[in-house]
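Reviewing the structure listed below.
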Amino acid sequence: MEKQFQLTNNKEIIAYLAQLFPNCFTLEGEAKPLKIDIFEDILSRLDSNQELSKSKLRLALRSYTTSWRYLHSIKTGKYRIDLNGHDHEVITQEQMDLAQEQLKISKEKAKQRSKKQNKDKTGANVHSSPRSNSLVETAKRMEKQFQLTNSKEIIVYLAQQFPKCFSLEGEAKPLKIGIFQDILSRLDGKEELSKTKLRIALRVYTNNWRYLYCLKTGVHRVDLDGNEGEIITQQQMDYAQQQLKESKGKAKENFKKRTDLKPNLVHSSLQKAPKTLQIGDFVKVSLSNKTLKVQIVNIEKDHIKVKVGSGMQLTVKPEHIIK
């Protein structure tokens, strides 16, 4: 529960990196080729930062460096840059060729998906006007574009709207009973927030460890403007402490289960390890429903280090190698 406000998806992580390192990462326009081993540089700069896990950072970088915008930036003679925007190694012809190959494969897959989707739509809407359907779908997408869709987004939104009541870090404040109705009345007519999702988000917020810690006897609850209201009773504090105990117990059990599974996964990967691969070989790997052409740079006991066309190095398991 303490990890509630960690960055969880690629889009959030890349936006976060662009905010921290604007001379290196961009969200639009021409991308800049990244220095090899930028992953390690980010980890060293974000040392002790709890918002970003290694595995999710690695996935986000993979998403960023396999995007069309980024692959277009990999051109012979251009410099790669570090987190401060300083020039480093120069892109080679081999790296550009590999990037172009990735771009070609990615565009072909996108073309096939689009073709399949259009075929499905034609079958489903044989009696409808294609242009009319297209306009309706576009309108629906635009209508939903700015809707808040998950609990984290909603809580961030509430913290922006009511900063004296909701917080994203530090000590939380006990919320006034009936805060749900107060929010609805203050945000009357706001289309971006549904009642159901607001209710779920409030449940997430008031069940996290940070919030449960703040429920102490004698502390005042606050309204949306931070004004003090009713006082926390002993019974309410006891109930919060019981919830906290149960939540921590479940988290401990889940951690133990994951730890117990790791030895079996390592043993399985060792059994599947390819015997014929060599450093320098070009192979294909399957990652996140994508197939990438990569070059092997190192083979270790239970994993293989490969290099993609962008120059970024990834660590993959032997079972991800496509023979």
Side-chain angles (χ1 to χ4, degrees), residues 1-22 25-28 45-53 56-57 60 142-233 236-237 239-241 243-244 247-248 251:
M1 304 291 285
E2 288 177 329
K3 295 181 179 179
Q4 179 186 350
F5 295 107
Q6 282 191 344
L7 302 164
T8 55
N9 62 53
N10 293 338
K11 188 186 293 185
E12 289 176 352
I13 293 171
I14 292 167
Y16 179 68
L17 293 175
Q19 184 180 20
L20 289 178
F21 312 113
F25 292 91
T26 60
L27 300 180
E28 57 185 4
R45 291 281 286 273
L46 298 182
D47 188 33
S48 79
N49 188 306
Q50 298 302 312
E51 295 174 330
L52 196 53
S53 72
K56 285 172 181 166
L57 171 60
M142 290 180 70
E143 183 182 349
K144 292 180 179 179
Q145 184 178 1
F146 298 106
Q147 284 188 347
L148 300 167
T149 56
N150 61 52
S151 295
K152 184 193 294 188
E153 289 177 349
I154 293 171
I155 292 165
V156 170
Y157 177 76
L158 292 175
Q160 291 172 339
Q161 295 292 319
F162 312 111
K164 294 181 179 179
C165 180
F166 292 91
S167 63
L168 302 180
E169 57 185 6
E171 188 174 354
K173 298 176 182 178
L175 302 180
K176 171 197 169 192
I177 294 172
I179 201 81
F180 174 76
Q181 292 299 333
D182 291 353
I183 294 170
L184 289 181
S185 63
R186 291 281 284 271
L187 298 181
D188 186 34
K190 295 279 185 180
E191 295 296 329
E192 61 264 35
L193 193 55
S194 74
K195 289 183 180 180
T196 303
K197 287 173 181 171
L198 172 61
R199 197 184 298 277
I200 293 171
L202 286 176
R203 191 178 303 141
V204 170
Y205 186 80
T206 56
N207 282 333
N208 75 53
W209 295 0
R210 190 172 67 92
Y211 183 84
L212 292 173
Y213 274 124
C214 82
L215 297 177
K216 297 174 183 176
T217 307
V219 175
H220 287 271
R221 295 180 180 274
V222 298
D223 64 13
L224 294 176
D225 299 312
N227 300 319
E228 293 183 347
E230 59 266 36
I231 294 175
I232 305 287
T233 65
Q236 290 170 342
M237 186 182 84
Y239 181 70
Q241 290 301 307
Q243 283 183 289
L244 189 58
S247 179
K248 286 189 173 184

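For the residue pair R210 / S167, a side-chain donor-acceptor distance below 3.5 Å is found, with atom types taken as modelled.
Within the 4.5 Å cutoff, the side chain of L187 has heavy atoms near those of the F162 side chain. Annotation: side chain of V156 is not in contact with side chain of F166 (no heavy-atom distance under 4.5 Å). Within the 4.5 Å cutoff, the side chain of I179 has no heavy atoms near those of the Y205 side chain. Q241 places none of its side-chain heavy atoms less than 4.5 Å from the side chain of L212.
Of all heavy-atom pairs between Y211 and R221, the closest is OH-NH1, 3.9 Å. The heavy-atom pair separating T206 from L175 by the smallest distance is CG2-CD1, 4.1 Å. Closest heavy-atom contact between I13 and A60: CG2-CB, 3.5 Å. Summarising the geometry of K164 relative to V222, their closest heavy-atom pair is O-CG2, 4.4 Å, with the distance given to 0.1 Å. For the residue pair K195 and F180, the shortest heavy atom distance occurs at O-CE1, 3.8 Å. Closest of all the heavy-atom pairs between L215 and A240 is CD1-CB, 3.6 Å.
In this structure K173 satisfies the side-chain hydrogen bond (donor to acceptor under 3.5 Å, both in side chains) test with no other residue, sequence neighbours excluded.
With rounding to the nearest 0.5 angstrom, the CD atom of E230 is 7.5 Å from the CD atom of Q236. We find the CD1-OG distance between I154 and S194 to be 6.0 Å, quoted to the nearest 0.5 Å. L168 CG to I155 CD1: the interatomic distance, rounded to the nearest 0.5 Å, is 8.0 Å. Expressed to the nearest 0.5 Å, how far CD of E153 lies from CD of E12 amounts to 6.5 Å. Note: E171 CD to Y213 OH = 12.5 Å, rounded to the nearest 0.5 Å. With values rounded to the nearest 0.5 angstrom, L224 atom CG is found 7.5 Å from S185 atom OG.
Put simply, the side chain of N227 never gets that close to the backbone of D223: no donor and acceptor are under 3.5 Å apart. A donor-acceptor pair under 3.5 Å links the side-chain atoms of H220 to the main chain of G229, judged by distance alone.
Classification of D225 and R186 as a salt-bridged pair holds, one side-chain N sitting under 4.0 Å from a carboxylate O.
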